[in-house]
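Residue numbers begin at 1 in each chain, while the letters A, B, ... track the order of the sequences.
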There are 2 protein chains.
Amino acid sequence: MNPARPASDHRPPESDTGRHTPAAAAGARPGLRERKKIKTRRTIRAEAFRLFAEQGYDATTVDQIAAAAEVSPSTFFRYFPTKEDLVVTDEYDPLTLDALAARPADEPLLQSLRHAVLESLRQVVADEPDEVRQRMRLLRDVPAVRGRMAESVSSTAGALAEALSRRGGVHDVFEARVLAGAFLGAMQETVLYWSEDGGPEDLVALIERALDVLGNGLGRR
Amino acid sequence: MNPARPASDHRPPESDTGRHTPAAAAGARPGLRERKKIKTRRTIRAEAFRLFAEQGYDATTVDQIAAAAEVSPSTFFRYFPTKEDLVVTDEYDPLTLDALAARPADEPLLQSLRHAVLESLRQVVADEPDEVRQRMRLLRDVPAVRGRMAESVSSTAGALAEALSRRGGVHDVFEARVLAGAFLGAMQETVLYWSEDGGPEDLVALIERALDVLGNGLGRR
DNA sequence: GCATCTTTTGAGAGTTACTGTCATAAGACA
DNA sequence: TGTCTTATGACAGTAACTCTCAAAAGATGC
């Protein structure tokens with residue numbers, strides 16, 4: 001692993017979609033700079049995925065990706081702090097948190113989570129239909145990517161716990177974190193299960209089943 | 001990260017404790033070779049932790065650790081495939097799985113899990129009382145270590161799911177994996193919560209609380 | 001349209017965590 | 001004691017990053 005990423009002046013730009021860029025949030029359409037950054041980010045990732053498909057993940061170096069995307073290696077790292085981040089971006093998780101926040105506060109928790117997850121999943125699939133399949137393949141085949149996903153999930157847990165705390169029905173911070181951890185752990189396993197079998201069953205259906213299992217709890221078994 | 005660890009002829013030796021070494025399992029006391037390996041492993045880790053305490057994790061290089069332990073860098077990597085593995089060993093998880101297997105099959109699942117976790121926790125703490133505290137600190141402070149733990153937990157999920165499948169009360173493989181993921185996710189958050197606050201509350205008490213939350217399920221909230 | 005100010009980019013040098021190979025040393029076993 | 005197996009060290013190589021600095025390019029006021 002890298003030497004634990006101390007403070008760096010490399011600031012990766014905002015998300016791929018433009019949905020979360022400050023300018024977009026402010027309503028005005030983004031300037032040239034913003035649009036160029038989004039394009040660069042897209043290009044880097046697209047070229048990377050193309051190379052991964054051709055040569056495999058490990059056999060593809062960052063230098064090759066940068067060359068293919070016609071940027072310098074420095075620039076690559078400004079956009080993606082690690083190579084694994086090409087595959088595991090944190091675009092998905094904030095989306096889910098937003099969707100969760102949009103649910104009515106008095107809705108049963110599990111139902112809110114179900115809607116939030118499915119809604120954000122729908123958006124991601126709609127946005128990048130091709131890449132989802134390749135992500136799945138990389139997740140299944142490359143240990144480093146799995147590791148990075150696990151790390152990402154674990155770091156999302158804190159944010160989710162906070163969101164849960166703001167809702168009713170949770171006693172304290174610790175309980176919120178346990179619930180968040182259990183939920184995310186279940187989701188992670190669901191995605192992994194789906195990816196391992198090459199996605200035979202519909203992911204949506206799997207998620208529904210997983211949530212049912214969670215709803216019943218571990219008691220009475 | 002490393003280039004995803006392809007097949008290597010470096011085989012890290014067995015666990016620290018000797019509990020799981022083949023010779024120990026066979027009843028005969030281990031030969032000189034085996035004892036030396038255990039000692040080397042212990043020395044490397046001890047020197048590493050000492051240096052971490054003195055200079056910090058990131059500031060300590062593998063070469064320094066190897067020098068302090070009086071082995072070559074090559075040998076270091078034969079014992080610990082990555083630097084993070086010094087902190088996050090998979091010694092704990094197999095212990096828990098063993099303990100789980102030892103529980104009566106007709107015991108309620110949650111109770112088996114509780115006993116298994118607490119039993120293995122007790123063993124680890126008894127074995128290496130000092131190192132537990134430092135592990136906790138590193139877990140809290142070093143992102144790379146947290147990442148490695150998340151990866152480790154996620155890889156344990158498969159084994160736990162299998163163990164659950166062999167017990168009654170689980171419908172299919174998928175359900176077992178979801179349960180395993182939820183349980184481990186909850187445990188991971190528990191440990192992180194505990195480490196973040198510097199371990200104010202007793203870890204055992206926290207685990208009990210977490211299991212109670214799991215027992216109640218996410219339904220009815 | 002020009003001047004200035006800010007942000008992005010590229011170049012390049014350096015660090016470090018690894019991988020792979022081979023000869024040597026040391027325990028196991030007859 | 002001799003042979004066979006396994007652990008070790010030396011060494012060379014790779015690739016993922018980090019850091020710094022100067023140049024290029026969009027943004028902004030006039």
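If you take CG of B/Asp63 and P of D/dC11, they are 13 Å apart, rounded to a whole angstrom. The distance between atom CZ of B/Phe76 and atom P of C/dT19, rounded to the nearest whole Å, is 11 Å. The distance from atom CD1 of A/Ile65 to atom P of D/dA16 is 8 Å, rounded to the nearest whole Å. The separation between B/Lys37 atom NZ and D/dT5 atom C1' is 12 Å, rounded to whole Å. Regarding A/Lys83, its NZ atom lies at a distance of 15 Å from the P atom of C/dC18, rounded to whole Å. Going from atom CD of B/Gln64 over to atom P of C/dT15 covers 13 Å, rounded to whole Å. Atom CG of A/Asp58 is separated from atom P of C/dT19 by 11 Å (rounded to the nearest Å). For the pair B/Phe80 CZ and D/dT8 P, the computed distance is 12 Å after rounding to whole Å.
Of all the heavy atoms in A/Gln64 and A/Ala59, the pair that sits closest is OE1-O, 3.8 Å. When all heavy atoms are compared, the tightest approach of B/Gln134 to B/Phe49 is NE2-O, 2.8 Å.
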| said: As a quick check of understanding, evaluate side chain to side chain contact (heavy atoms under 4.5 Å, CB included) for A/Arg45 and A/Thr89, giving each step before the final call. | reply: CA-CA 11 Å; A/Arg45 179 134 55 191; A/Thr89 20; 3.2 Å; yes
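The salt bridge (Lys or Arg N to Asp or Glu O under 4.0 Å) search around B/Arg177 returns A/Glu189, A/Glu196, not counting sequence neighbours.
OP1 or OP2 of D/dT8 lies within a sub-4.0 Å distance of a side-chain N or O belonging to B/Tyr79. A sub-4.0 Å separation between OP1 or OP2 of D/dG9 and a side-chain N or O of B/Thr75 is present.
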| task | Would you give a per-nucleotide map of nucleotides 23-29 of chain D, 5' to 3', where B means the base has a protein non-hydrogen atom under 4.0 Å away, S means only the sugar-phosphate does, and - means neither? | result | --BBS--
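Geometrically, A/Lys37 does not engage A/Tyr79 in a cation-pi contact defined by less than 6.0 Å to the ring centre and at most 45° from the axis.
Here B/Glu208 pairs with B/Arg114 in a salt bridge; the nearest charged N to carboxylate O distance falls below 4.0 Å.
The only member of A/Leu86, A/Val88, A/Asp85 that meets side chain to side chain contact (heavy atoms under 4.5 Å, CB included) when paired with A/Val145 is A/Val88.
The local environment of CD in A/Glu70 is sparse, with at most 12 non-hydrogen atoms from other residues, nucleotides or ligands closer than 6.0 Å.
Without hydrogens or angle criteria, B/Arg146 side chain to B/Arg140 main chain gives a donor-acceptor distance under 3.5 Å.
Taking 3.5 Å as the limit, the base of C/dA11 and the side chain of A/Ser74 contain a donor-acceptor pair of atoms between them. Between the base of D/dG9 and the side chain of B/Arg78 there is a donor-acceptor pair shorter than 3.5 Å.
Direction change of the helix axis from one end of the helix from C/dG1-D/dC30 to C/dA30-D/dT1 to the other is 30°, with five pairs defining each end axis (rounded to 10°).
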